Enquirer: 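Quick one: the structure is below, questions incoming.
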Amino acid sequence: MRVSVVGAQGRMGSHVVAAVEAAEDMQLALQVDSSDDLTQVSPENTDVAVDFTVPDVTLDNVLTLIKQGVNVVVGTTGWNDDKLAQVREALAQAPRKDQAVFIAPNFAISAVLADYFAGIAAPYFESAEVIEAHHPNKLDAPSGTAVHTAHTIAQARRQADCAPMPDATVGNEPSRGDVVDGVHVHAVRLRGLNAHEEILLGNPGEQMIIRSDCFDRASFMPGVLLACRKVGEHPGLTVGLDQFLDL
Ligand SMILES: NC(=O)C1=CN([C@@H]2O[C@H](COP(=O)(O)OP(=O)(O)OC[C@H]3O[C@@H](n4cnc5c(N)ncnc54)[C@H](OP(=O)(O)O)[C@@H]3O)[C@@H](O)[C@H]2O)C=CC1
Ligand SMILES: O=C(O)C1=N[C@H](C(=O)O)C[C@H](O)C1
């Protein structure tokens, strides 16, 4: 499998380059950075392109790669329903019928399972809030993972017909964090940290905390390689590594 890496010199991209080089069933094809022409990536040299760039450019990159006729694995954050709809539309007009795009807010197994467990637990608690903590070089806030977890919690609570969460705060106090799909999300940026998430769940007299700590970017690599191997088996758009695990 020939894998090209877009954003190859970045913190994640450089790890992906090394992981692909070390994988016996993969061959590193092109390394693309911000000054390079993305249209050099094509089916002649690439089976899967992996994008770890920045939230502002990832949609355009994916649309270009779809037109180029290659499958895409995306780890970059910044996705919303409108952007995902544009990807689906582009895939419907793609050069190949079986073309595939896979987007994951997080490739680490601890984070994927934390999100999954949060969905199971959320209907059993009156309150749920998310705290994410990252290295201070991160551009976006809250993290893509925390946004995804907030939607997971909200969806599980809607399905279970839960009552609104108790909260007597008057007005939209910034100190209560961002509100994503009705769930409060708090973002910390601290030197020394990498990528961490806590899901706090509360009932009268009890609390449960689900926590994921990614101390090193090595934690994301098995998920990235799994996605490269699986993406071709799932034509269309797939979101979330949980879709490729037997959960
Ligand atoms: N899904 C997951 O598991 C994970 C997701 N992430 C996400 O991945 C993204 C990247 O994170 P990180 O590696 O830390 O960020 P970095 O800033 O270290 O890397 C981004 C890289 O993308 C390059 N770049 C910018 N624009 C383009 C472009 N148009 N074409 C090609 N390359 C471009 C940058 O180059 P230059 O500096 O020259 O502009 C830079 O090398 C973020 O959105 C982050 O949240 C991070 C970790 C795990
Ligand atoms: O920027 C990062 O570092 C990370 N970004 C992703 C996110 O925003 O959720 C995944 C992980 O948290 C690391």
Side-chain angles (χ1 to χ4, degrees), residues 55 74-88 101-134 140-188 195-214 219-220 222-223 226-227 230 233-234 236-247:
V74 185
T76 315
T77 50
W79 293 90
N80 56 32
D81 287 346
D82 174 55
K83 291 180 179 182
L84 295 176
Q86 291 186 57
V87 172
R88 284 194 192 91
V101 173
F102 174 75
I103 301 174
N106 205 307
F107 284 100
I109 190 70
S110 62
V112 175
L113 289 178
D115 186 288
Y116 178 73
F117 295 147
I120 295 173
Y124 297 97
F125 291 85
E126 282 187 25
S127 303
E129 300 208 6
V130 179
I131 306 174
E132 58 95 332
H134 280 83
D140 56 321
S143 71
T145 308
V147 170
H148 191 271
T149 303
H151 287 304
T152 301
I153 291 169
Q155 196 178 340
R157 290 177 62 86
R158 270 193 295 273
Q159 270 171 8
D161 219 4
C162 292
M165 294 187 212
D167 184 2
T169 314
V170 178
N172 296 322
E173 275 299 319
S175 57
R176 292 285 290 111
D178 208 357
V179 184
V180 179
D181 208 355
V183 179
H184 288 258
V185 178
H186 310 268
V188 176
H196 315 263
E197 185 180 57
E198 271 191 359
I199 300 126
L200 311 183
L201 300 140
N203 267 337
E206 63 173 344
Q207 180 188 215
M208 187 167 91
I209 300 179
I210 301 170
R211 183 177 171 106
S212 155
D213 290 290
C214 294
S219 59
F220 305 115
L226 175 74
K230 290 245 181 188
E233 298 167 17
H234 299 261
L237 173 63
T238 306
V239 179
L241 196 67
D242 53 315
Q243 301 296 314
F244 289 172
L245 304 171
D246 289 328
L247 295 176

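Please read these numbers as outputs of a predicted model, since none were measured by experiment.
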Enquirer: Which one of Thr77, Asp242, Asp115 satisfies the side chain to side chain donor-acceptor pair (under 3.5 Å) criterion with His148?
Expert: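 It is Asp115, the one option of Thr77, Asp242, Asp115 that forms the side chain to side chain donor-acceptor pair (under 3.5 Å) with His148.
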Enquirer: Considering non-hydrogen atoms only, spot the tightest contact between Ala187 and Ala141 and give its length.
Expert: CB-CB, 4.2 Å
Enquirer: Evaluate whether atom CG of Asn172 has more than 12 neighbouring non-hydrogen atoms of other residues, nucleotides or ligands under 6.0 angstrom away.
Expert: no
Enquirer: Would a 4.5 Å heavy-atom cut-off, applied to side chains only, mark Met165 and Val183 as touching?
Expert: yes
Enquirer: Side chains of Leu245 and Ile109: closer than 4.5 Å at any heavy-atom pair?
Expert: yes
Enquirer: Answer whether the closest heavy-atom distance between the side chains of Val188 and His186 falls below 4.5 Å.
Expert: no
Enquirer: Please find the pair of heavy atoms, one from Ala121 and one from Met208, that lie closest to each other, and give the distance.
Expert: CB-CE, 3.6 Å
Enquirer: Where do Glu197 and Thr149 land on the side chain to side chain donor-acceptor pair (under 3.5 Å) test, with the steps shown first?
Expert: CA-CA 10 Å; Glu197 185 180 57; Thr149 303; 3.1 Å; yes
Enquirer: Any heavy-atom pair between the side chains of Phe220 and Asn106 that's under 4.5 Å?
Expert: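 Yes, their side chains come closer than 4.5 Å.
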Enquirer: Look at the side chain of Asn203 and the backbone N and O of Glu126, then say whether any donor-acceptor pair between them is shorter than 3.5 Å.
Expert: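 Side chain of Asn203 to backbone of Glu126, a donor-acceptor pair under 3.5 Å: yes, one is there.
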Enquirer: Looking at Asp181 and Arg158, is there a salt bridge between them, counting it only when a charged N and a carboxylate O are closer than 4.0 Å?
Expert: yes
Enquirer: Give me the atom names and distance for the closest heavy-atom approach of Ser212 to Ala114.
Expert: CB-CB, 4.1 Å
Enquirer: Can you find a heavy atom in the side chain of Ile103 that is under 4.5 Å from one in the side chain of Leu237?
Expert: yes
Enquirer: Testing the basics here: between Ala128 and Leu201, what is the closest heavy-atom pair and its distance to 0.1 Å?
Expert: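 Scanning both residues, the minimum pair turns out to be CB-CD2, 3.7 Å.
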Enquirer: Donor-acceptor pair, distance only, cut-off 3.5 Å: does the side chain of Glu132 make one with the backbone of Ala146?
Expert: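 No, Glu132 side chain to Ala146 backbone: no donor-acceptor pair under 3.5 Å.
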Enquirer: Drop me the distance from Ser219's OG to Asp213's CG, to the nearest 0.5 angstrom.
Expert: 10.0 Å
Enquirer: Give a yes or no answer on whether the side chain of His196 reaches the backbone of Ala133 with a donor-acceptor pair at less than 3.5 Å.
Expert: no
Enquirer: Taking the six-membered ring for Trp, are Phe244 and His234 parallel (under 30°), tilted (30 to 60°) or perpendicular (over 60°)?
Expert: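 Judged by the thresholds at 30° and 60°, the geometry between Phe244 and His234 is tilted.
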Enquirer: Got Val239 and Trp79 here, is their nearest side-chain heavy-atom distance under 4.5 Å?
Expert: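 SC-SC contact between Val239 and Trp79 ruled out.
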Enquirer: Is a side-chain donor or acceptor of Arg176 paired with a backbone partner of His184 at a separation under 3.5 angstrom?
Expert: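 Side chain of Arg176 to backbone of His184, a donor-acceptor pair under 3.5 Å: no, none is there.
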Enquirer: Is the shortest heavy-atom distance from the side chain of Phe102 to the side chain of Leu241 under 4.5 Å?
Expert: yes
Enquirer: Does some side-chain heavy atom of Leu113 sit less than 4.5 Å from a side-chain heavy atom of Ile210?
Expert: no
Enquirer: How far does CZ of Phe117 sit from CD1 of Ile199, to the nearest 0.5 angstrom?
Expert: 10.5 Å
Enquirer: Looking at Asn80, I want to see if its CG is surrounded by more than 12 non-hydrogen atoms of other residues, nucleotides or ligands under 6.0 Å.
Expert: yes
Enquirer: Under 3.5 Å, side chain of Arg211 to main-chain N/O of Leu200, donor-acceptor pair present?
Expert: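 Looks like no, no N/O pair under 3.5 Å.
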